[in-house]
Amino acid sequence: MTATTQTVIDADSPLYIHPSDSPGSTLVFVPFDGIGYCSWRRSVLRALSVKNKLGFINGDSRRHNVTSPHFRQWERCDNMVTSWILNSLSKDITDSVEYVNDSVELWKELEDRYDQTNGAKLYQIQKEINDLSQGVLDITGYYTKMKKLWEELNTLSVKTHCSCVCTYGEKESMHKAEQDRRLIQFRMRLNEVYTVVRGSILMMNPLTSMAQAFALLIQEEKQREFKPRNQLNVDSTALNVSLGGRSFKTNYLAGTGNQITNSRPRPFCDYCKRQGHTKDKCYKLHGYP
């Protein structure tokens with residue numbers, strides 16, 4: 001009976017187990033520790049989809065009857081999926097769900113515990129988006145951080161999204177309006193050195209996509225990395241040529257145009273009450289030459 005069962009199961013069946021699959025494998029690189037459930041959930045679902053095992057957690061691949069020839073194979077696959085999910089959790093969370101009966105129960109326990117979309121979480125993510133600015137981050141780091149918050153917010157509010165088929169393009173218009181809003185929000189928090197590029201982006205009609213705006217900002221950032229250094233080398237070389245390598249000091253205060261005064265006080269005439277000479281050299285007292 002075992003040999004007959006193995007011949008029926010092919011590679012396209014959810015009951016098929018690849019020779020490289022093992023209970024010690026993990027579905028994600030970083031185990032879930034209670035923070036960032038949405039991103040962890042997406043990674044797990046993606047990995048199970050690749051392995052054709054999504055039916056074991058969403059209920060599509062139901063438990064076979066004990067008398068069924070595929071019962072043992074289903075049990076093996078379900079235990080394999082359960083082991084993968086447990087290996088993708090931190091030790092504290094694993095200890096709390098270790099005695100679940102199957103993968104469906106395990107997944108439902110995690111969903112009920114961590115997948116709670118509430119106003120506090122939405123408020124927290126929205127506040128992080130509003131408070132985020134470029135600051136000391138480069139363009140790539142700033143965009144990545146903003147993009148991650150956008151996607152997390154989008155995942156939390158996925159239940160409110162329209163899933164109908166729009167025949168008049170309303171869905172595309174709403175999507176374009178949302179992308180334009182994000183573009184303006186991203187542009188507003190850039191550093192002041194990108195003022196020219198920000199103005200160029202806003203002058204486009206219609207507004208460019210986020211990817212194209214990101215490419216323009218990356219080009220500007222690369223130019224700023226090389227331009228000041230080259231400009232400094234050119235200016236210093238021209239200065240050395242014009243002065244013959246000699247050093248000099250100006251006699252004016254920078255940015256004021258005023259000449260620097262000497263530290264010694266200027267002479268003062270007690271007779272004519274003017275500066276620039278003393279009484280023994282005053283022409284008004286001794287006569288002009």
Side-chain angles (χ1 to χ4, degrees), residues 1-118 121 124-125 128 140-141 143-145 147-159:
M1 182 179 296
T2 303
T4 305
T5 302
Q6 293 296 332
T7 57
V8 173
I9 300 175
D10 56 7
D12 295 332
S13 173
L15 300 180
Y16 174 77
I17 297 179
H18 194 271
S20 63
D21 292 336
S22 67
S25 302
T26 57
L27 299 175
V28 295
F29 292 105
V30 181
F32 174 63
D33 58 355
I35 300 175
Y37 176 76
C38 293
S39 59
W40 177 86
R41 180 178 181 274
R42 287 171 61 90
S43 300
V44 170
L45 292 177
R46 187 179 296 112
L48 290 178
S49 176
V50 172
K51 295 178 178 293
N52 196 20
K53 295 294 186 293
L54 276 178
F56 286 89
I57 63 173
N58 60 20
D60 291 343
S61 182
R62 300 182 180 276
R63 179 187 294 270
H64 287 251
N65 193 283
V66 179
T67 58
S68 173
H70 296 290
F71 173 75
R72 293 298 179 186
Q73 185 66 18
W74 182 93
E75 193 174 40
R76 287 178 57 197
C77 291
D78 186 74
N79 289 333
M80 185 79 72
V81 173
T82 303
S83 299
W84 289 342
I85 298 176
L86 290 176
N87 294 337
S88 303
L89 301 171
S90 64
K91 187 179 184 307
D92 295 337
I93 300 179
T94 301
D95 293 340
S96 65
V97 293
E98 185 177 2
Y99 296 99
V100 294
N101 295 321
D102 50 32
S103 57
V104 173
E105 183 180 347
L106 172 60
W107 191 253
K108 187 177 185 304
E109 174 71 20
L110 295 174
E111 292 276 87
D112 294 341
R113 189 184 303 182
Y114 298 105
D115 190 27
Q116 296 296 328
T117 303
N118 49 49
K121 185 178 294 185
Q124 179 183 359
I125 297 177
E128 290 182 18
T140 302
Y143 176 76
T144 302
K145 200 168 184 178
K147 179 74 170 176
K148 183 177 182 298
L149 291 173
W150 282 336
E151 293 300 328
E152 189 172 358
L153 182 65
N154 189 62
T155 303
L156 286 175
S157 56
V158 67
K159 296 179 181 179

>> Using side-chain hydrogen bond (donor to acceptor under 3.5 Å, both in side chains), reason through Tyr114 and Glu109 one step at a time and then give a plain yes or no.
In response: CA-CA 9 Å; Tyr114 298 105; Glu109 174 71 20; over 6 Å; no
>> The test is side-chain hydrogen bond (donor to acceptor under 3.5 Å, both in side chains); show your working for Ser68 and His70 and say whether it passes.
In response: CA-CA 5 Å; Ser68 173; His70 296 290; 5.7 Å; no
>> Applying salt bridge (Lys or Arg N to Asp or Glu O under 4.0 Å) to Glu111 and Lys108, what does each step give before you reach the verdict?
In response: CA-CA 5 Å; Glu111 292 276 87; Lys108 187 177 185 304; over 6 Å; no
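Note that CG of Leu86 and CG of Leu110 are 8.5 Å apart. Values are rounded to the nearest 0.5 Å. Atom CG of Asn101 is separated from atom CG of Leu106 by 10.5 Å, given to the nearest 0.5 angstrom. Rounding to the nearest 0.5 Å places CZ of Phe56 at 13.0 Å from CZ of Arg62. With rounding to the nearest 0.5 Å, the separation of CG in Leu48 from CH2 in Trp107 is 7.0 Å. Residue Leu54 holds its CG atom at 6.0 Å from CG of Leu45, rounded to the nearest 0.5 Å. With rounding to the nearest 0.5 angstrom, the CD atom of Glu105 is 10.5 Å from the CG atom of Asp78.
Between Tyr16 and His18, the angle of the ring planes goes over 60°, which puts this pair in the perpendicular group of the 30/60° scheme. Between Trp74 and His64, the two ring planes are tilted [angle within 30° to 60°].
Under the salt bridge (charged side-chain N to carboxylate O under 4.0 Å, His left out) criterion, Lys147 pairs with Glu151, sequence neighbours left out.
Within the 4.5 Å cutoff, side-chain heavy atoms of Leu89 are placed close to those of Val97. At a threshold of 4.5 Å between non-hydrogen side-chain atoms, the residues Lys145 and Lys148 do not count as touching. No side-chain heavy atom of Phe32 sits less than 4.5 Å from a side-chain heavy atom of Ser90. Side-chain contact check for Gln73 versus Ile17: some heavy-atom pair is nearer than 4.5 Å. Taking the side chain as every heavy atom from C-beta outward, Phe71 and Arg76 never approach each other to under 4.5 Å. Using a 4.5 Å heavy-atom cutoff, the side chains of Arg113 and Ile93 are in contact. Within the 4.5 Å cutoff, side-chain heavy atoms of Trp40 are placed close to those of Val28. Under the 4.5 Å side-chain criterion, counting only non-hydrogen atoms from C-beta, Ser39 is not in contact with Glu152.
In this structure, Lys53 contributes its side chain and Cys77 its backbone to no donor-acceptor pair below 3.5 Å. Looking only at distances, a side-chain donor or acceptor of Asn79 sits under 3.5 Å from a matching main-chain atom of Glu75. The main-chain N or O of Pro23 is found under 3.5 Å from a side-chain atom of Asn87 such that the two form a donor-acceptor pair. No donor-acceptor pair closer than 3.5 Å links the side chain of Ser88 to the backbone N or O of Thr26. Side-chain atoms of Ser25 come within 3.5 Å of backbone N or O of Ser22 as a donor-acceptor pair.
No more than 12 heavy atoms of other residues, nucleotides or ligands lie within 6.0 Å of CZ in Arg72, so this atom counts as exposed by the packing criterion.
Geometric assessment of Lys51 against the ring of Trp84 yields a positive cation-pi assignment under the 6.0 Å and 45° thresholds.
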